[in-house]
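All remarks here apply to the structure that follows.
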2 protein chains.
Amino acid sequence: MENLFWLGLAGAIIALAFAYLQAKKVLRFSEGTELMQKIASSIRKGANAYLKRQYSTVAKIFIIVFVILLLLAFSNMLDNWFIPFAFLTGGIWSGLAGFVGMKIATSANARTANAAHESLNRGLNVAFSSGAVMGFTVVGLGLLDVSIWFHILKYVAHFEGAQIAQTMVMFGMGASFMALFGRVGGGIFTKAADVGADLVGKVEAGIPEDDPRNPATIADNVGDNVGDVAGMGADLYESYVGSILATFALGAAAYSAEGLTWNAMLLPVLIAVVGVVCSILGSFLIRTKEDATQKSLLATLRKGTYTAAILAAVAAAPLTYFVLGAENMGVYAAILAGLIAGCAIGYFTEYYTSDTYKPTQKLADSTETGAATTIIGGISLGMMSTAAPIVIIGIAIIVSFLAAGGSLTTGGADYDLLFSKGLYGIGIAAVGMLSTLGITLATDAYGPVADNAGGIAEMSGLGEEVRNRTDALDSLGNTTAATGKGFAIGSAALTALALLVSYVDVVKGRLEHLDLSITNPAVLVGLFVGAMLTFIFAALTMSGVQRAAQSIVVEVRRQFREISGIMEGKVDPDYASCVDLCTKGALHEMVLPSLLAIVVPVVTGLILGAEAVVGLLGGVTVTGFVVAVFMSNAGGAWDNAKKYIEAGHHGGKGSECHKAAVIGDTVGDPFKDTSGPSLNILIKLCSTVSIVFSGLITTIHLF
Amino acid sequence: MENLFWLGLAGAIIALAFAYLQAKKVLRFSEGTELMQKIASSIRKGANAYLKRQYSTVAKIFIIVFVILLLLAFSNMLDNWFIPFAFLTGGIWSGLAGFVGMKIATSANARTANAAHESLNRGLNVAFSSGAVMGFTVVGLGLLDVSIWFHILKYVAHFEGAQIAQTMVMFGMGASFMALFGRVGGGIFTKAADVGADLVGKVEAGIPEDDPRNPATIADNVGDNVGDVAGMGADLYESYVGSILATFALGAAAYSAEGLTWNAMLLPVLIAVVGVVCSILGSFLIRTKEDATQKSLLATLRKGTYTAAILAAVAAAPLTYFVLGAENMGVYAAILAGLIAGCAIGYFTEYYTSDTYKPTQKLADSTETGAATTIIGGISLGMMSTAAPIVIIGIAIIVSFLAAGGSLTTGGADYDLLFSKGLYGIGIAAVGMLSTLGITLATDAYGPVADNAGGIAEMSGLGEEVRNRTDALDSLGNTTAATGKGFAIGSAALTALALLVSYVDVVKGRLEHLDLSITNPAVLVGLFVGAMLTFIFAALTMSGVQRAAQSIVVEVRRQFREISGIMEGKVDPDYASCVDLCTKGALHEMVLPSLLAIVVPVVTGLILGAEAVVGLLGGVTVTGFVVAVFMSNAGGAWDNAKKYIEAGHHGGKGSECHKAAVIGDTVGDPFKDTSGPSLNILIKLCSTVSIVFSGLITTIHLF
């Protein structure tokens, strides 16, 4: 079986080639009028400038961590010398995935606006294709990274299967770390610009959203690209790679006794490859007639993603049979459990956040009694919405564990072996969930492009009809993004759990006795610390947005006051200064929360030992998951309750209800676009950090 | 040593006698003018009516659970037949503690207002004494319950020490269950009335708080009594009893090998008795000169509580030496760790919520940019404020565990014994923290009395000077309440952990194999379910407040519209209808969240087995603690930021900043007075429920 790993490389090339073709297709479209080109170029410049500075800031931190890792390797506290270098490549690939996504998104926004000028369908076409570039780049680079390192370890370093698995599980940290910076920095940038632009522009000066007179409007559009596109790309790159690597390690542990180490490692790679092919097939289905309505567009998007998922589900059966044999077909059920869980979480995300369902409509009702009840309503909606994803993830965990061979009845001769087989099931469920990432990410990533296109249409005065079309695309994007979020958060939880288990395996190899039961005070305190980390992280990212937004408010007010002629539309405001302020603010605010994710697990380990770290990982995974769902859904519901009112309910735009809804939406902005999604990465990064530093923690600790 | 348990009975009688004397003292004061008497009587009537209906609703549920427990006992799934009856007595005592507290509070409010008419000091005197009635009643009834059952089991049933301990640890459920209903029902009542009164009265009609023209104003004052007084009394009764009973069980497990079972069980009782005496001594110090300022009043309150704490700390040393011998003096360090942790959490609660410190002042600054930034600021403040309590509790856990003999180095011959000794340290730390509950609860419970006194002063037109004095008392109450909250939440966490460990001990006796490590999927899923329970519970209690408040809003609007002459002050509004609506709303909304605390652990156990329940308890304890701190502190900070602005900062009353602050305060109301404090009880109730139903869960489960 070990000779079939080249298929991973082939899958990577297929994905990247498809992304390239889609990019060429996008670039064939026209960017529209001179004004549109100018605006698009400003956004592009801003986004490039931000990303450049973000990467150079992050590069310094990467070098420091790289040196620390070298020192650890030198002190024999790392398993081998590859880890520091894999840390770098993970970071670079992850950054590259984000960069490519942002590059194409900033090239596609004006093109989408211009295409929407012609028809809704053409607009969708450009936007979706640019999303596909991002989706398949992420998948392609992920498979490439995994495959290249696999072949280096196998054919250059001549490692055994289990050794490769144990080494490669440490390779996720670079990608996680880069992703966290991307998500947090981008998230702070985008929401600082958004909140700042709204507070002064919409509320104080009374000019509409995306009005060219607002000095923060370019920054706002830049933010969509650096936050929602580049950040999300890096996030899912990391889940994708992390789930495969964790499954490598779990597979090697579970199947070595049967001599199926290579097979167990091959399966996640092949599922990913099959997923690439199915995603490409699915994306061919996304083409509609010229007279398409919003409803038919949604239907066609759904047809594409669901077809891909069903094809992948079908193909996984013979694949599992071929790789692991008839006696291990339970693993197939685990794959299915992952796929279904992703879709189910997506459905409930939509249920709680879309204004076609009761929860968001009720939230809109609560604006009748003012802002306070709107906030209380949104918070309780968000908290309530955690139930369904937790039940789904719980069922997915139990089903994939049991199906893959695990048993919940403690004790018995084969207990340990069956147990590790079950854990492999949890890992492979995550892989299954992410197998069609190419297309699900495409439907997710096209949203910000449509959002940007709307901004450009508004700023370049393309007229109401075009704006309506881009709004329709944007709103469609919100719906599909809900599904995307379901996959992102569900896979983050499963991947983090798989990594947690891998950490325990690594530590078990180093320590004789381990008491990981919850009654062990070290584990208990670790649980508390993990929960604390979630809350501090959320607090820091939110207050980071607030501080950065505050500086935008001051700057926009200054420009309105000092530059005469802005409000009359005679003089252009100084867009660049707002972009610059957002950049500075985001870079300044992203460092502390991101470093916490490394420092807290390591310090906890150095004080209380490796067992406390297990508690911490459990605590941060569970609370991080719950808080992420809570914040994302509360924010999404506030956003859509506002849109629901703007569509004419409860007095429509300008009513008292609308004002209350705007307050809800502003609170929800950092909830859903900064803190919530960053938590997805936090939980994975904590696990990978703990794995990499396990040598240090098991050697040196205070108690 | 077993002959010294009568000291517990003696301590109970001392506490109750002191409470009785304080009550007599309060009742000697005059209730003031006829109008004041009339208002006080309305509040009393409303509170009585509510409590009567609450208790009769709860009684029905108690009977159902009682029958279920009888059936379990009949099926041999309970250890013995005492448990159903102990369930009833726990509920009755807990309800009685709440009832007595409320009774004296509703008798003291007008007396406090009238005394404040004469001087600030006399006002404090009445209010504090009524708080002391509550504090010492809770402590006295708690000790009485423990002592009576102990003697029944020992001298009537002739149980052995370990058997008594294992039986009595199941006795906490009744108290917890009653406390949860009290906290949730009372919390919903008080905030529904408060929010409803504010939304229509203050915001829409523009009349001041506590204005007699507001139909909801009596309901608002009733709410202070049924929520803050009766609910809190039941809450701390339950922590007090729970910590002693859990320590019984842990002590019997840890010290039976040395033949010190009775001693280990006696120690918590004696510490409690010493705490009663020290609290009484401390409360004698609370007397000031007639020309006292607010600052000197705070100093005298602090002198009383700190003296009591120091006396108790000093007395605990010879006590520990006498009971457990020189070789176990580490237990004394555990007691100290608990006491210090309580004070430290109290300090940080004050730091984050008092307007004399930066965080709340900064929150007031954020009102400058409107309601949205006020909300974001409060939420991030609340989340950030979880760090200090978690670090403190973490240190307290580790210190008390290590000091009492535990070791974090897994493995070794004595590991299990040392481990259980360490766990006893955690239990005794909780007992230490609560030992001076008599006086700390007194300083906490007097706050609502002062609040009520302010309302009565306003409604009966006692003039600005009196109102200023009651406001000073109220604001003083907010500061001391912060310390009280520190003890409530810290002790809840430690008690819940001690109960969790007791649950594991109980289950270990029934099952051969237990895998409680976090990597066990059952435990993991349990962790997720526990976190979910916290969030759903918070959501339900918050939306309960919102729905109940909504009905008050409708009713107040109706009265303003239909009853002419209210606004001119010619006709009294129909206060009773608002009280009635709040009662109905609270009783209706309290049932579902309260039942969840029983149903979710039992159903989880029936599906996934006893190990999943351990995960659930860990999850609910950790997230419940964090969310409770978050919500309480965010709410407290919003409240005080509003008061800070009302004191003249940022434009003072009526400014835009004030409006934003009022929105923050309204959001904070259910945070800090309904959901936050109820979570304290939830985490303990889940543990006691799991212990009682452990027989069922270990016998029947799906997987």
Side-chain angles (χ1 to χ4, degrees), chain A residues 199 369-373 375-377 379-380 383-384 386-387 390 393-394 397-398 401 406 408 410-411 422 497 501 504 512-519 521-525 527-529 531-532 535-536 538-539 542-543 546 553 608-609 614-615 618-619 622-623 626 630 663 666-667 670 703, chain B residues 199 369-373 375-377 379-380 383-384 386-387 390 393-394 397-398 401 406 408 410-411 422 497 501 504 512-519 521-525 527-529 531-532 535-536 538-539 542-543 546 553 608-609 614-615 618-619 622-623 626 630 663 666-667 670 703:
Chain A
L199 280 179
T369 35
T373 47
I375 299 296
I376 296 177
I379 291 176
S380 42
M383 288 184 157
M384 204 66 209
T386 61
I390 284 191
I393 279 289
I397 291 172
I398 297 294
F401 177 81
L408 289 182
T410 314
L497 294 180
V501 176
V504 173
E512 208 178 333
H513 295 287
L514 268 188
D515 178 1
L516 300 180
S517 65
I518 289 191
T519 48
V523 176
L524 253 182
V525 171
L527 274 176
F528 275 105
V529 173
M532 178 187 84
F535 277 75
I536 293 183
M542 261 194 299
S543 57
Q546 193 160 17
V553 167
L608 293 174
V614 177
V622 170
T623 53
V626 181
F630 154 54
I663 291 175
T666 311
V667 173
F703 290 107
Chain B
L199 280 179
T369 35
T373 48
I375 299 295
I376 297 177
I379 291 176
S380 43
M383 288 184 157
M384 204 67 209
T386 61
I390 284 190
I393 279 289
I397 290 172
I398 297 293
F401 177 80
L408 288 183
T410 314
L497 294 180
V501 176
V504 172
E512 206 178 335
H513 295 286
L514 268 189
D515 178 1
L516 300 180
S517 65
I518 289 190
T519 47
V523 176
L524 254 182
V525 172
L527 274 176
F528 274 105
V529 173
M532 177 188 84
F535 277 75
I536 293 185
M542 261 196 298
S543 57
Q546 193 161 15
V553 166
L608 293 173
V614 177
V622 169
T623 54
V626 180
F630 154 54
I663 291 175
T666 311
V667 172
F703 289 107

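Only a predicted model underlies this, so the values are computations on that prediction, with no experimental measurement involved.
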Legend entry - Residue A/V504 versus chain B: region with a heavy atom under 4.5 Å: side chain
Legend entry - Under 4.5 Å from any heavy atom of chain B - which part of A/L199: side chain
Inset, instruction - Among A/A371, A/A387, A/G615, single out the residue with the greatest number of heavy-atom pairs under 4.5 Å to chain B. - result: A/A387
Inset, instruction - Find the one option among A/I663, A/T623, A/V553, A/I393 whose heavy-atom pairs under 4.5 Å with chain B are most numerous. - result: A/I663
Legend entry - Side chain / backbone / both / neither for B/F401 at chain A, heavy atoms under 4.5 Å: side chain
Inset, instruction - Find the distance between CD1 (A/I536) and OG (A/S543) and round it off to the nearest 0.5 Å. - result: 11.0 Å
Legend entry - Contact leader toward chain A among B/G377, B/A531, B/G609, where contacts are heavy-atom pairs under 4.5 Å: B/G377
Legend entry - Option that, when pairs with chain B are counted at under 4.5 Å, heavy atom only, ranks first among A/I390, A/L524, A/V529: A/I390
Legend entry - side chain to side chain donor-acceptor pair (under 3.5 Å) against A/T369, all qualifying residues, sequence neighbours excluded: A/T373
Legend entry - Heavy-atom pair with the smallest gap, counting every atom of A/F528 and B/I397: CE1-CD1, 4.1 Å
Legend entry - Contact origin within B/I518 toward chain A - heavy atom pairs under 4.5 Å: both
Legend entry - Distance (rounded to the nearest 0.5 Å) between B/M383 CE and A/M532 CE: 14.0 Å
Inset, instruction - Against chain B, label A/I376 side chain, backbone, both or neither, depending on which of its atoms sit under 4.5 Å from a heavy atom there. - result: both
Legend entry - Heavy-atom pairs under 4.5 Å with chain A, option from B/G618, B/P521, B/G394 with the top count: B/P521
Legend entry - Among the listed options A/I375, A/V614, A/L514, the residue most often paired with chain B at heavy-atom distances under 4.5 Å: A/I375
Inset, instruction - Sort B/V525 into side chain, backbone, both or neither according to what part of it lies under 4.5 angstrom from a heavy atom of chain A. - result: side chain
Legend entry - Max heavy-atom pair count under 4.5 Å with chain A, selected residue of B/V523, B/T386, B/V501, B/L527: B/L527
Legend entry - Part of A/L497 within contact of chain B (heavy atom distance under 4.5 Å): side chain
Inset, instruction - Output the distance between atom OG (A/S380) and atom CZ (B/F535), rounded to the nearest 0.5 Å. - result: 13.0 Å
